[in-house]
Structure formats: C-alpha cells, structure tokens
Amino acid sequence: MKIVTLNLRHGGADRVRRIADYLLENEAEIIVLTEFRENSSGALLTDRLTATGLQRFVAPAQDARKNRVALFAPSSARALPVSPEDEDAHRIVACEVNGVAIAGVYFAQLAQKATLFDYLNKRLPPLHEDVLVIGDFNTGLHYLDEPGATFACADQFQKMGERGYSDLWRRAHGEGAREYSWMSSQRNGFRIDHAMGTGTIPSRTVACYYDHDTRRDFTDHSALWVTLR
DNA sequence: ATGCCGGTTACTAACCGA
C-alpha cells in the first residue's frame, strides 16, 4: 500500500495538472494533500484523482480560500469521524482502509498548533489498533529536524511517542538522521512533513522517504512517501 | 520566529504561509 503526503502550496493553482500527473505516475494509492483548497484547482485535482477510482474525503471549512487537508483513498475506504476544536475543523480528516486508520493532518503556524496536538494526544479516542497520522505538522524535533530550536510545539510532537506513535522516517533512517522537507528563503532546512504510525504500522513499513524534486518542480514542500506491506 | 518575501486570488489589494 503506497501512501503519499504533499503540501500543494496555496491550493496548487495551475500546478495541479503536473501534481496530479506526479501522484498518478508514481502509483499513489492513498493521497493526503495539505493546503488543499475547495476552488477550481481543487476541483481539477479531485476530478483527476477520482477518475482513477479513488474517493475523496475533505476536511470541512466555510471559506473556499481556506487551506485544508484532503484525503484520497480506494473506494473500499470508510470515513472515520473526528471532532477537533472548531478552529481545527479544516485541519484533520480520517478514514479506515485496508485494515488501518489514516488521519491526514495539516497543522497551523507557531503556537496555534497546540489545540490539534491536544486533540490528537488527549481527546481523540483510538481510531483503530493501527493508526497512521500523516501530513504537514509544521514542527519537528529541535536541533534535529531543524538547525536550531525555533519549532513551536516540539514537545507535543515528541509526546506522540508516549502515545505509541513511531516517526516512520526516523525509524527507517536512524536517530541522528537529517533531511529537510521545506526550506526557508534563508536556505535553512526544516523537516516538518511527517508520518507517525502505531500498532503494526512501523513493522509493516517497507519504505519511507522524501522526494525533494517536488520542491524544484511544483511546490515548496518535499513529498513524503510511505509503503506499507 | 515572522512575513522585509513570494504565491494566489470569484485577482491588481488582501490574504496567507514557517
């Protein structure tokens, strides 16, 4: 099962054609898109992906310009209800598919991330024995996923470990590994796109890697690919 | 640790995003 997350950057605009080509050519079976917008770009992307038989789950928002998270999964997938704080309604969407629960997430800027972390770490009932939380966390570990210690909510990200979540990329590449999924205009790198798995997910992960070419080709984030056995 | 930058938009000023 091949899963990918990619931040579209402001909905993707006319880049969505190339983005759809990329996702389909690489045979993504489950797709989590962050900064998805319910506008004409979002509609084009939705048409391209659902034409292959995938169904769409999208986090709710009032405004079409709101950057939200969308999840595309096989037709057998079923929606899983989530109930975050109102201000995070557009930041999480979940489904059950092929015996696992997938939650797509798009965390806010700076300290505003805290409420969604609280929901994940304290209030969200176990969705399943095997849960994959994947998307743009906008944070990571100080001095490891970034050069310094500027990340907000790094402690809450780390606390996911106590909740049984394993950082699949770090598990595959080592405790001291460094790679960046986004780069600032000052050329500082940050690893902020993550896949966190519980239960049998870590042991079933046969590949977990970033594709940095997406930053060169059509967005400002690297894609994160996860293959589950 | 944002927004001086840069991208997007029921566009050309307002918004958003490390």
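Worth knowing before you read on, the calculation uses all heavy atoms, side chains too, and leaves out hydrogens, waters and symmetry mates. Fair warning: this is a prediction, and the values are worked out from it, not measured in the lab. Chain identifiers are assigned alphabetically (A, B, ...) following the order of the sequence lines, protein sequences preceding nucleic acid strands; residue numbering begins at 1 within each chain.
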B/S/- along nucleotides 9-18 of chain B (protein heavy atoms under 4.0 Å) is SS-----BSB

Pick the P atom in dA1(B) and in dA13(B), then give their distance to the nearest Å.
32 Å

For atom C1', what is the distance between dC4(B) and dT9(B), given to the nearest Å?
23 Å

When the C1' atoms of dT8(B) and dG3(B) are considered, how many whole Å apart are they?
16 Å

Rounded P spacing from dC11(B) to dC16(B) in Å:
15 Å

With E38(A), which residues qualify under salt bridge (Lys or Arg N to Asp or Glu O under 4.0 Å), at least two apart?
R56(A)

Check the chi torsion on dC4(B) and let me know: syn if it falls within 90° of 0, anti if not.
anti

Quick one: list whatever passes ring-ring contact (aromatic ring centres under 6.0 Å, His included) with Y165(A), sequence neighbours left out.
none

Using a 3.5 Å distance criterion without hydrogens, assess whether the side chain of T139(A) forms a donor-acceptor pair with backbone atoms of I192(A).
no

Can you name the residues that form a side-chain hydrogen bond (donor to acceptor under 3.5 Å, both in side chains) with E179(A), not counting sequence neighbours?
H212(A)

In whole angstrom, what separates Y143(A)'s OH from dA1(B)'s C1'?
13 Å

Applying salt bridge (Lys or Arg N to Asp or Glu O under 4.0 Å) to R191(A) and not counting sequence neighbours gives D145(A), D167(A)

If we take the P atom in both dA14(B) and dA18(B), what is their distance in whole Å?
23 Å

Give me the distance, rounded to whole Å, that separates dG6(B) from dT12(B) when you measure between the C1' atoms they each carry.
15 Å

Sticking with atom P, work out how far dA10(B) lies from dG17(B), rounded to a whole angstrom.
15 Å

With sequence neighbours left out, the residues meeting ring-ring contact (aromatic ring centres under 6.0 Å, His included) with Y106(A) are none

